[in-house]
Each structure stands twice: as C-alpha cells, then as structure tokens.
Chemist: 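Pasting a structure below so you can have a look.
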Amino acid sequence: MSEESQDPKVIALRREKAEAIRARGIDPYPPRVERTHTAAEALAVGESTEPVTVCGRVGPIRLMGKAAFFHLADASGRIQVYLKKNIVGDEAWEHFKGDLELSDFAQVTGPLFTTKTGELTVEAREWKMLAKTIRPLPKEHFGLKDRETRYRHRHADLAANPEVREVFLQRSRIISAMRRWLEDPGHEFGGYVEVETPVMHTIPGGALARPFETHHNALGLDLFLRIALELHHKRCVVGGIERVFEIGRIFRNEGISTRHNPEFTMMELYTAYVDVRYTERLMEALIKHLAQENNGSSVVTLGDQTIALDCPWRRVSLCELISERCGAKVHPGMPAPELRALLGSLVDADEKPLPDEPGHLLLEVFERHLEETLVAPTFVTDFPKSVSPLVKARRDDPLLAERTELYIGGLELAPMYTELNDPAEQRLRFEEQMRAREAGDDEAMRMDLDFLDALEHGMPPTSGLGLGIDRLVMLLTGQSSIRDVILFPLLRPEISPVD
RNA sequence: GGGCGCGUAGCUCAGCCUGGUAGAGCACCGGCCUUUUAAGCCGAGGGUCGCAGGUUCGAAUCCUGCCGCGCUCACCA
C-alpha cells in the first residue's frame, strides 16, 4: 500500500476527532445540508452582502492565527472561504481549528467579497461539518500519480485529479451521444432499437475467444459469460427487428494490456437489407459525429499522434496491405510453405511459430506487423474466410469473406461484416470449427444449434458490426491505456489489505 | 512465462558506482501569525534501508536467492 491516507497515525487522529465531535453532541455526519448555491453558482453571483451557503470538500487550510483560508470543491468547481475568529465567534472558531481538516466535507454560510488578490470568496458567518474524512486525499499539488494506487483507489484518483474525472464524464457523454444518434430516425443511419440479450450463455459464440466459465446450481448447468453479442442479435433480426443494437459488457478470458481488459464494452449493431459497404459508411459517419460532439473537431490526438478524421478514409484489402509490405502478391489460396517464403522477413522475425492454415497465417502476420502502422483511419477489407466463420464469403473469391475491420491510431476499433445467412453453409462452417477445436484450437467456435435453427427460419441479407467502446473512448479522449477509460480495471488483488 | 526497472520515514525521493552507526522536502505533533493561494516562521517526534543468506573487522551500499510492484514482449479481438 502506498498512499498518504494510509498513515495509521493520521487515521487514528482523525477517528478521534470524529468521536470528539460526537461527544459534544454534534453529528459529524449530519443527514441534511442547507446548500443554496453550488461553487459555480456562487462565483456567478459576484460580490454580495446577501449570504450564500456552499458545500464541498475542504482543500488545504491556510491558518493564520485568528483567521484562515481554504477552498470548498464540489462537482461544479471550487470556491474560496475566508473564516475569521471575530466573525464566526470564539466557539465556532475553536471547533473549526480543532475539527476541520483537509478532505473533510463542510458547509459554509456568508456574504461574498473579493480578496486583495482578486479572488471572490465567501466570508464565513457560520460553518458546519458535513462529513468527517478519516483518510485524507493527497493534496492537490502533489496529486496522486502512482498508477497502481490510482487504479486501486479510483475514488481517491477521481477526487484528487479533475482531469481523470473529466475523462469519465466524456466517456458517459460519448456513449449517450452514440445512443441518441443511433436511435434518431431522422437520418440515413438512424432508427435503431436497443435490446438487451443474455450475459450468460450455454454456448459462447460470435467471436473467436476463450470464455469465462460459471455454473447455475438449480439447473446443474455450466454456463459461459458472453464473448460477443452477435448470435442473439441475429436472432432478433430473424424475428423482424430490422435495425438492432446493444451497448453491453462482454468478457474474454485472455491477457491484460494497455489495449485489453478482460471485461470490456462493445456496441454491436445489425441492419437488415444492407451489406458491409453500408456498415462501413455508418461507422465513418458515427465516429465523425462523435468526434465533433465530444471534441468539437474532427482531429484527435493519441499519444504523440495527431489523427485527422475528416479526410476520406482509406480502404485497402488485407492481402494488398501485406503485399505492399513484402513486395509479393499473397492470397489465402496459396499453400503455407509458399506463403512463408513470400512473406520473408515478416515470418523470420518471429520467435513464436505461426499457424499453418493460410488464412490464419495471413491474419497473424497482419496483426503482428501491420496493425500498428495504421494510424490514419483505414478500412481493411476482405479478411480470409477461414478466420471468419459467421461471415458471407465473396462470390468472386470464395476464400475471402465480406469482412472489414476499422483501424485508427493503430487500434483495432471495429469489425464489420456481411453476415452469413445460409443455414447449410453456416452448418458447414460450424463443423469446420468443431474440427479445429478437436485439433486443439480452444478459441474455435462451438456448434450452436439454436442459432442454426434461427437461420433456418430465415434471416434477410444483413450486415453487422462490433465497435469497441473502450478503445473508441481512448481515441476520442486521447488516453493511451484502456485502464484510463475503465473506471475499475481488473487488477491482481492486493496482498494483506488488513486494517 | 521472457526482458528491463523499482523496493530507504506516512508520501516523494537522495545516499549505493568508490562499504565506516541513516538524510531532504512534504505530511503529522507543539508554538507564533486576522487577506492566504502547496501560506510563512520556530521547534519536536518518526526508519529492523522489501525478506533471507553470503563476503567483510564493519553492509542501505558488494554477491546470491526469494517476495512484491511497474513497464514491456508474448498470449489475446
């Protein structure tokens, strides 16, 4: 543990103070406040003999014998308080000196005046403890910088670092704006209905990933936390909800990095009677809209990269992209040894063995070497069919699928698909996946008979997408770690958190 | 799991290379101070230098092992 508020001396002293207040018959945690103005509202009033009552968290107290200055901070901002012995009276002054400390919550009433340094300040006539704080926050000036402490004690991080709070307020606004835009029937890409689908699945489907497992006692049933929203959404489309989306948490049992958290938020969206070209245009319009709403501009900054979103977004096929890099034409139809030879150094540089299946091999090379180079917005199209078991193959090239992925700032943001709606073909794809699973690929999909049943009831031509909300928020707020856009990221539990 | 780095007062860190009984700032406690902005001034307390072993007359400092944490790579839509 590494935090100022962990000093046992300080904690004990503060507990004693809380008890001392109680012993005088005053509740250090009173149930009601008399606030008339937020900090910002009080500042807007200007100088005034009419008293205001403001509340907030107490900042560093500058005590000078018989008077003191401090700030009260609330969500709207902060306002300074001047508290003087001969105005509040001897008793209130003594209690102030003895009881009130950094990080407590307090209420102050008085008129507004301007100090000689020009700051509008409440001149306290009276004050009241609203909540005694046992563990003080680090002083603002020193801040709370240690990453581990910040993530483990996010409440302290939020309280001490306004810029951190601001990122999460932006996250909320971005998601809210996304919902409004998708639901709005007044534009080409609107009119979507938000649904809620199960988090617990009997068969985890819709993506290639390892799931978390759990168990339902009454049914004696092993269950999995969902790794995607896809299959239920398609069942909604079968049922006649032609424009459907969900913003929901999904769970993948895999590593943690600056771009991966085991639980994260995905926006999936499905549209009947369109193909992947429509969804690409929707994606472009949505992200430009959100950038405009949140940042007031179409330029975003991520790390040391400045990314313009308003330029036309590049479209390039996966194979073309790899060919550009290795100088030879590649295609999933080529046998693996030939591909390896053509890929040259893209293969040699790796310590880890690459997969033999040509589609997987190409995908792996792309992910390792090319993904991070895609800084300007880029649609990478035509992924191999073998790595896209739920996607319609291209009619003119059956080894490629109508699957596009959007990259911005080197981040994989969203896959888009023309969905496979032929139940016979889907069954074959599942069987292929089952064979891969038996051969040891524990990310391969499992046969989902309920889903096949749905397709047999008829799904219109449909396109879908899955947008990683956390990564989108990273992009729009300029954060380079996913942990800085997830309030409570998963961490290894602390040893001996005894107190 | 691999690589790199860190672990000294409640916090941030110096001291380690070149071994000689532990330092600073802030916080905390006491005193002074009625327009301050990390207020200021004076004073006091506080550390088995991550743990264990080794080398040495002597180890925070050199060596070995272990533990914890961070970054990164790998794993991973």
Side-chain angles (χ1 to χ4, degrees), chain A residues 1-14 59-71 78-88 93 97 101-103 113-121 123-124 135-152 156 160 206-211 227-228 230 250-262 264 266 268 349-353 363-364 366-368 371 383 387-388 403 405-407 411-415 442-443 465-468 470-471 480-483 491-496:
Chain A
M1 203 60 113
S2 56
E3 203 184 348
E4 180 177 338
S5 60
Q6 296 308 315
D7 185 349
K9 264 192 332 197
V10 170
I11 293 167
L13 263 161
R14 284 178 170 251
I61 297 174
R62 281 90 64 185
L63 179 66
M64 294 161 299
K66 299 188 179 65
F69 283 98
F70 57 92
H71 283 87
R78 53 174 222 161
I79 186 162
Q80 183 167 256
V81 174
Y82 182 48
L83 197 142
K84 199 155 58 159
K85 182 177 180 182
N86 64 1
I87 293 183
V88 296
W93 174 253
K97 274 209 299 184
E101 299 168 280
L102 180 70
S103 298
F113 76 107
T114 305
T115 63
K116 69 181 184 189
T117 52
E119 181 165 354
L120 191 70
T121 299
E123 187 179 63
R135 297 174 192 260
L137 297 165
K139 267 192 184 183
E140 276 176 50
H141 177 76
F142 301 102
L144 179 55
K145 294 283 173 271
D146 178 71
R147 279 186 176 272
E148 190 197 349
T149 308
R150 285 185 42 221
Y151 298 145
R152 288 196 193 281
L208 303 172
R210 272 194 290 269
I227 56 173
E230 177 158 353
I250 67 177
F251 309 84
R252 296 186 182 177
N253 204 340
E254 53 197 34
I256 296 174
S257 77
T258 50
R259 293 174 297 284
H260 300 264
N261 193 63
F264 61 102
M266 185 88 110
E268 290 203 28
D350 299 308
E351 318 92 29
K352 199 205 125 213
L363 180 64
E364 188 74 26
F366 166 72
E367 286 179 350
R368 285 194 201 177
E371 205 177 280
F383 276 61
V387 296
S388 315
R403 163 176 166 189
E405 302 219 350
L406 173 63
Y407 291 82
L411 278 176
E412 175 197 0
L413 272 189
D442 50 6
E443 284 165 21
L465 81 83
L467 172 61
D470 312 275
R471 291 179 180 178
S480 51
S481 170
I482 201 167
R483 288 179 179 165
L491 302 173
R492 191 189 307 276
E494 224 169 357
I495 320 296
S496 72

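What's counted below: heavy atoms across the whole structure, side chains too, no hydrogens, waters or symmetry copies. Letters A, B, ... are given to chains in the order of the sequence lines, protein chains preceding strands, and every chain is numbered from 1.
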Chemist: Counting the atoms with a prime plus P, OP1 and OP2 as sugar-phosphate, which does K85(A) contact under 4.0 Å by heavy atoms, base, sugar-phosphate, or nothing?
Modeler: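 Since no nucleic acid heavy atom lies under 4.0 Å of K85(A), the category is nothing.
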Chemist: So, is R62(A) near the phosphate of A39(B), with a side-chain N or O under 4.0 Å from OP1 or OP2?
Modeler: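 Answer is yes, contact under 4.0 Å.
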Chemist: For U72(B) and C51(B), measure between their C1' atoms and round to the nearest Å.
Modeler: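 One C1' to the other, the span is 27 Å.
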Chemist: Which part of the nucleic acid does N86(A) contact within heavy-atom distance under 4.0 Å: base, sugar-phosphate only, or nothing?
Modeler: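 Base contact.
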Chemist: When rounded to the nearest Å, what value does the distance between C1' atoms of A24(B) and C49(B) take?
Modeler: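 Each nucleotide's C1' atom is 15 Å from the other's.
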Chemist: Look through every strand shown and name the nucleotide pairing with G1(B) as Watson-Crick or G-U wobble, where both distances are under 3.5 Å.
Modeler: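 Checking every strand shown, G1(B) finds its partner in C73(B), with both distances under 3.5 Å.
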Chemist: Under 4.0 Å, heavy atoms only, any strand: does R403(A) hit a base, just the sugar-phosphate, or nothing?
Modeler: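 The residue R403(A) makes base contact.
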Chemist: Quantified in whole Å, what is the C1' atom distance between nucleotide C4(B) and nucleotide G45(B)?
Modeler: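 So the two C1' atoms sit 40 Å from each other.
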Chemist: Base, sugar-phosphate, or nothing: which does I227(A) touch, judged by heavy atoms less than 4.0 Å apart?
Modeler: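 Here I227(A) touches no strand at all.
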Chemist: Is any N or O donor-acceptor pair between the side chain of E119(A) and the base of U35(B) shorter than 3.5 Å?
Modeler: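 Answer no: no donor N or O sits under 3.5 Å from an acceptor.
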Chemist: Mind checking ring-ring contact (aromatic ring centres under 6.0 Å, His included) for F69(A) and listing every partner two or more places apart, or none if nothing turns up?
Modeler: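 Listed in chain order: Y82(A).
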Chemist: Does E119(A) have any salt bridge (Lys or Arg N to Asp or Glu O under 4.0 Å) partners at least two apart in sequence or in another chain, and if so, which?
Modeler: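 In terms of salt bridge (Lys or Arg N to Asp or Glu O under 4.0 Å), with neighbours along the sequence ignored, E119(A) is linked to no residue.
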Chemist: Atom CD1 of I79(A) and atom CZ of F70(A): how far apart are they, to the nearest 0.5 Å?
Modeler: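 One gets 11.0 Å once the value is rounded to the nearest 0.5 Å.
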Chemist: Please tell me if R483(A) has a side-chain N or O lying less than 4.0 Å from either OP1 or OP2 of C71(B).
Modeler: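 The answer is yes; a side-chain N or O of R483(A) sits under 4.0 Å from OP1 or OP2.
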Chemist: Can you tell me the pairing partner of G68(B) across any strand shown, Watson-Crick or G-U wobble, with both distances under 3.5 angstrom?
Modeler: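 Base partner found: C6(B).
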Chemist: Have a look at A209(A) and say if it touches a base, only the backbone sugar-phosphate, or nothing, with a 4.0 Å heavy-atom cut-off.
Modeler: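 The residue A209(A) makes sugar-phosphate contact but no base contact.
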Chemist: To the nearest 0.5 Å, what is the distance between CG (L83(A)) and CH2 (W93(A))?
Modeler: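 With rounding to 0.5 Å, CG (L83(A)) is 6.0 Å from CH2 (W93(A)).
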Chemist: Would you mind pulling out the nucleotide paired to A39(B), Watson-Crick or G-U wobble, both distances under 3.5 Å?
Modeler: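 Partner of A39(B): none.
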Chemist: Does U34(B) pair with anything, Watson-Crick or G-U wobble, both distances under 3.5 Å, and if so, with which nucleotide?
Modeler: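 When the pairing criteria are applied, nothing turns out to pair with U34(B), so the answer is none.
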Chemist: From U36(B), C75(B), C28(B), pick the nucleotide closest to the side chain of V10(A)?
Modeler: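 Per side-chain heavy atoms of V10(A), the pick is C28(B).
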Chemist: Using the side-chain heavy atoms of F69(A), tell me which of these nucleotides is nearest: C75(B), A38(B), U35(B).
Modeler: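 Selected nucleotide (nearest to the side chain): U35(B).
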Chemist: Between C33(B) atom C1' and L63(A) atom CG, what is the distance in whole Å?
Modeler: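 My rounded result for the distance is 9 Å.
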Chemist: Paired with C11(B) by Watson-Crick or G-U wobble geometry, both distances under 3.5 Å: which nucleotide is it?
Modeler: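 G25(B) - that is the nucleotide pairing with C11(B), both distances being under 3.5 Å.
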Chemist: Can you check whether R135(A) reaches I11(A) side chain to side chain, under 4.5 Å on heavy atoms?
Modeler: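 Side chain of R135(A) against side chain of I11(A), heavy atoms only: contact under 4.5 Å found.
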Chemist: Work out how far the C1' atom of U21(B) is from that of G7(B), and round it to whole angstrom.
Modeler: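 So the two C1' atoms sit 23 Å from each other.
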Chemist: Where the side chain of E443(A) is concerned, which of C76(B), U35(B), C28(B) is the nearest nucleotide?
Modeler: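 The answer is C76(B).
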Chemist: Measure the distance from NZ on K66(A) to C1' on U35(B) and round it to the nearest whole Å.
Modeler: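 Roughly 16 Å, once rounded to whole Å.
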Chemist: Rounding to an integer number of angstrom, what distance separates G19(B) and G54(B) when you compare their C1' atoms?
Modeler: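 Here G19(B) and G54(B) have their C1' atoms 15 Å from each other.
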